[in-house]
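First comes the structure, then the notes that go with it.
Labels below follow one simple rule: chain letters A, B, ... track the order of the sequence lines, proteins then strands, and each chain is numbered from 1.
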Amino acid sequence: MKFDISYRDHGTSARAGLLSTDHGDIASPFFMPVGTAGTIKALHVKDLREEVKAQIMLSNTYHLYLRPGAHIVSAAGGLHKFNGWDKPILTDSGGYQIYSLGDIRKFTDDGVIFQSHIDGSRHVFTPEKAIDVQRQLGADIIMAFDECTPYPCDQAYALKSMKRTHYWLTRCMSHFAQTECPHGYTQSLFPIVQGSVFPELRVESARFIAQQDAPGNAIGGLSVGEPAGIMYDMTGLVCGILPDNRPRYLMGVGTPANILESIALGIDMFDCVMPTRNGRNGMLFTRNGIINIKNEKWKGDFSALEEQGEVYADLQYNKAFLRHLFMSKEILGAMIATMHNLGFYMWLMKEARNQIIQGTFSGWKETMVKQLMQRL
RNA sequence: GUGGUCGUAGCUCAGUUGGUUAGAGCGAUAGAUUGUGGAUCUAUAGGUCGUGGGUUCAAGCCCCAUCUUCCACC
C-alpha cells in the first residue's frame, strides 16, 4: 500500500492524495459506503460502480463471520470474488458491532465473549481471531480489533479501555505479521486510536499508534453521542500526532458537515451508515439541504430529486413519486434514496478534493456546511 | 314481522359496581438516527361514545324510542 499526498490546503490541514492498493487506486479524501453483510443494501454492484462511482466499499467482519461464515467467503476466493466488487474493500474488525449490537457480552483482556444477534449462539473473538477472519475475508484494508469506548464514560474506564485496545493491537500486529492473505494479494492493517473525550488519553493513544508505523491509522470511539465540538477537538488533537504521510481514517463519521470539518482537520477516509440507512428511512441529502421525503409538503412536488445530480435516479424520479414509494413502503423507494444519497456523498468528496487542489477549500467549506445541513 | 345482537379516534378494539380531563395498537403528522437489524425511539394531532329523550349529584355504562350491523325463526 502506498499513499501519496499531491496537494495541501493553505488555510486548513486538508490534503488531497492517492492511496494505492492491489485492487486499484483511490483518490483522497474519500468516503466508503457501508455494506455490512457484503452488500450495500438496496444497491446493485453495477450501480455502486457505474452510477455512484464508489472507489472502495466497507464491509463487516462480525456480520460475515456469523453469516454466511468466513470459510464460505474464503472458499469463494475472498470477498471481492464472493460479491463481485473488484475494487478495494475495507473490513471493520467487529469490535464496534460487539459494542453496539451485543446485549450480552463480556470483555476480558484476552478478548470478548458475545452472543450472536441472529441466533443467540455464543462466540469468542480475540485479536488473533479477528485477524484470521479478516485474512479469510480478504479485504485490502483490515482493522485492528478494538474496544469502542462507550460515551459517556469516566476517565478511569476510558484509560482501562484504551490500554486494552493497545494491548490487543500488539497482538493483532504480531499475528498479522505471522500470517498471510490466502488469496494472493496484499492486505494492510490499520490500528485505531481510542481515549474517549479525554485529551490526555487521546494524546497518549495517538502517540502509541503513531509508533507502530502502520500504513494507515484510524480514529475510533467518536461520533458515539458526544457533542460535535468535542469530536472536532479530539480529531484535531489526534491528527496533529498521527504520521502526516499516512492516510487518516475517522471511523463512523458522519454528516456532510462532520466530514467537511474533519477533512479540514486532516482526515482522509470516512465511512458512515447515514447516507444508506437514513436514506432507506426517507432522509435525502441534497446540494441544497436535507429533505425528509415522507413530509406531506412533497406530496405534489414533481421536481427532480437533484437537478444537478449525477446518478440515474436523480433526474429519472421526482419527489412526489419517491414520497409515494416511501408511504407505500415500496422497495424501489429505498433503492432510489440509497443511490441518490451515495451519489451525493461521492459528489461531496470529489468536490472537496477539487477545492483542495484549487486552493479554495476553506471558504467553500464554510458555505457548504451551512447550506448542506439546512432542513428543506 | 318476531326474538336476539352490534354501534366508542381514519381502521381494529379496550373501557371494572354508574364516579377525575374516555384509552391502546395500527395509521396519520412531525422529530431523532454517525465503524447498519429495510430497524428502532420520541412527540403531536385526532372523539357530539349511532341518534333523540329519560333516570341520577354524576351516564360510554341504567331505562324508553329510533336508526344501523349481523344471526335465528316466522
Side-chain angles (χ1 to χ4, degrees), chain A residues 31-43 56-64 66-67 89-103 116-119 130 134 139 141-151 165 190-194 217-228 230-232 235 249-259 261-262 267 269-285 290-299 323 325-338 341-342 345 373 375:
Chain A
F31 178 82
M32 301 179 278
V34 178
T36 300
T39 167
I40 308 298
K41 296 183 197 300
L43 196 70
I56 173 173
M57 73 174 283
L58 180 147
S59 200
N60 207 279
T61 300
Y62 168 91
H63 293 265
L64 293 173
L66 287 179
R67 187 170 57 191
I89 298 176
L90 179 149
T91 46
D92 192 11
S93 68
Y96 182 83
Q97 283 62 45
I98 291 165
Y99 145 80
S100 69
L101 296 174
D103 292 328
S116 162
H117 70 287
I118 298 167
D119 62 7
Q134 292 189 91
I141 302 172
I142 69 176
M143 301 305 298
F145 189 60
D146 69 332
E147 180 187 351
C148 182
T149 309
Y151 177 86
T165 288
F190 282 24
I192 304 171
V193 174
Q194 289 290 340
N217 300 289
I219 305 172
L222 293 177
S223 65
V224 288
E226 79 286 358
I230 292 179
M231 174 170 75
Y232 297 144
T235 301
Y249 167 25
L250 182 55
M251 305 183 79
V253 174
T255 65
N258 290 161
I259 287 175
E261 297 293 1
S262 301
I267 298 292
M269 306 168 55
F270 299 90
D271 80 277
C272 189
V273 302
M274 199 169 278
T276 42
R277 182 207 277 158
N278 289 23
R280 287 194 303 279
N281 289 300
M283 185 172 178
L284 300 187
F285 295 92
I290 294 170
I291 288 176
N292 180 348
I293 199 64
K294 291 195 278 194
N295 285 3
E296 196 165 30
K297 62 184 165 190
W298 306 113
K299 187 159 61 176
R323 176 175 195 271
L325 295 179
F326 268 97
M327 300 314 282
S328 310
K329 298 189 186 339
E330 285 289 338
I331 292 171
L332 183 60
M335 296 170 67
I336 292 170
T338 297
N341 278 352
L342 287 180
Y345 266 64
M373 296 310 289
R375 260 60 176 180

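Here, B:rU51 and B:rA45 have their P atoms 24 Å apart, quoted to the whole Å. Taking atom P on both nucleotides, B:rG7 is separated from B:rC49 by 15 Å, rounded to a whole Å. The gap from the C1' atom of B:rA22 to that of B:rG60 amounts to 8 Å, rounded to the nearest Å. Nucleotides B:rC64 and B:rU56 are separated by 16 Å at their C1' atoms, to the nearest Å. Comparing B:rG50 with B:rA9, their C1' atoms sit 15 Å apart, to the nearest whole Å.
Across the protein-nucleic acid pair, A:Y96 atom OH and B:rG37 atom C1' stand 13 Å apart, rounded to whole Å. Across the protein-nucleic acid pair, A:R67 atom CZ and B:rG37 atom P stand 11 Å apart, rounded to whole Å. Rounded to whole Å, the distance from CZ on A:F326 to C1' on B:rU29 is 17 Å. Straight-line distance from the CG atom of A:L332 to the P atom of B:rG38: 18 Å, rounded to whole Å. Put simply, NZ on A:K294 is 11 Å from P on B:rA30, counting in whole angstrom units. Rounded to an integer number of Å, the gap from CE of A:M274 to C1' of B:rG38 is 17 Å. Taking atom CD of residue A:E296 and atom P of nucleotide B:rA45, one finds them 17 Å apart after rounding to whole Å. To the nearest angstrom, C1' of B:rG35 lies 11 Å from CZ of A:F31.
Checked against side-chain contact (heavy atoms from CB on, under 4.5 Å), A:A218 has the following partners two or more places apart in sequence or in another chain: A:M143, A:I192, A:Y249, A:M251. Among residues two or more places apart in sequence or in another chain, the side-chain contact (heavy atoms from CB on, under 4.5 Å) test is passed with A:M283 by A:N278, A:F285, A:I290, A:R375. Residues satisfying the salt bridge (Lys or Arg N to Asp or Glu O under 4.0 Å) criterion with A:K299, sequence neighbours excluded, are A:E296. With sequence neighbours excluded, no residue forms a side chain to side chain donor-acceptor pair (under 3.5 Å) with A:S223. With sequence neighbours left out, the side chain to side chain donor-acceptor pair (under 3.5 Å) criterion links A:N60 to A:Q97. Listed by chain and residue number, A:L66, A:R67, A:S116 satisfy the side-chain contact (heavy atoms from CB on, under 4.5 Å) test with A:I118 (two or more places apart in sequence, or in another chain).
Taking the side chain of A:I331 as heavy atoms from C-beta on, and the options B:rU34, B:rG38, B:rU33, the nearest nucleotide is B:rG38. Listed nucleotides B:rG31, B:rG37, B:rG35 differ in distance to A:N295; the shortest reach to its side chain belongs to B:rG31. You'll find that the side chain of A:M327 is closest to B:rA28, out of B:rA28, B:rU34, B:rG38. Here the side chain of A:V253 is nearest to one of B:rG38, B:rU34, B:rG35, namely B:rU34.
Applying the side chain to side chain donor-acceptor pair (under 3.5 Å) definition to pairs two or more places apart or across chains, those involving residues 326-336 of chain A are A:H324-A:S328.
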Sub-3.5 Å pairs of nitrogen or oxygen atoms, protein against nucleotides 39-42 of chain B:
{"residue": "B:rA39", "atom": "N7", "partner": "A:N281", "partner atom": "OD1", "Å": "3.2"}
{"residue": "B:rA39", "atom": "N7", "partner": "A:N281", "partner atom": "ND2", "Å": "3.1"}
{"residue": "B:rA39", "atom": "N6", "partner": "A:N281", "partner atom": "ND2", "Å": "3.4"}

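Residue A:N292 places none of its side-chain N or O atoms closer than 4.0 Å to OP1 or OP2 of B:rA32. The phosphate of B:rU29 (OP1 or OP2) has a side-chain N or O of A:R323 nearer than 4.0 angstrom.
Two residues, A:E330 and A:G252, neighbour RNA chain B, and the one matched to the more 5' nucleotide by heavy-atom proximity is A:G252. Between A:K297 and A:A334, it is A:K297 whose nearest contact on RNA chain B lies nearer the 5' terminus.
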Q | Secondary-structure string, 5' to 3', Watson-Crick or G-U under 3.5 Å, | for another-strand partners, for RNA chain B | A | ((((..(..((((.....[...)))).(((((.......))))).....(((((..]....))))))..)))).
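Not a single donor-acceptor contact under 3.5 angstrom links the side-chain atoms of A:N60 to the base of B:rG35.
In terms of modelled atom types and a separation under 3.5 Å, the side chain of A:S59 and the main chain of A:T91 share no donor-acceptor contact.
A:H117 and A:H63 have perpendicular rings, their planes meeting at more than 60° on a 0 to 90° scale where under 30° would count as parallel.
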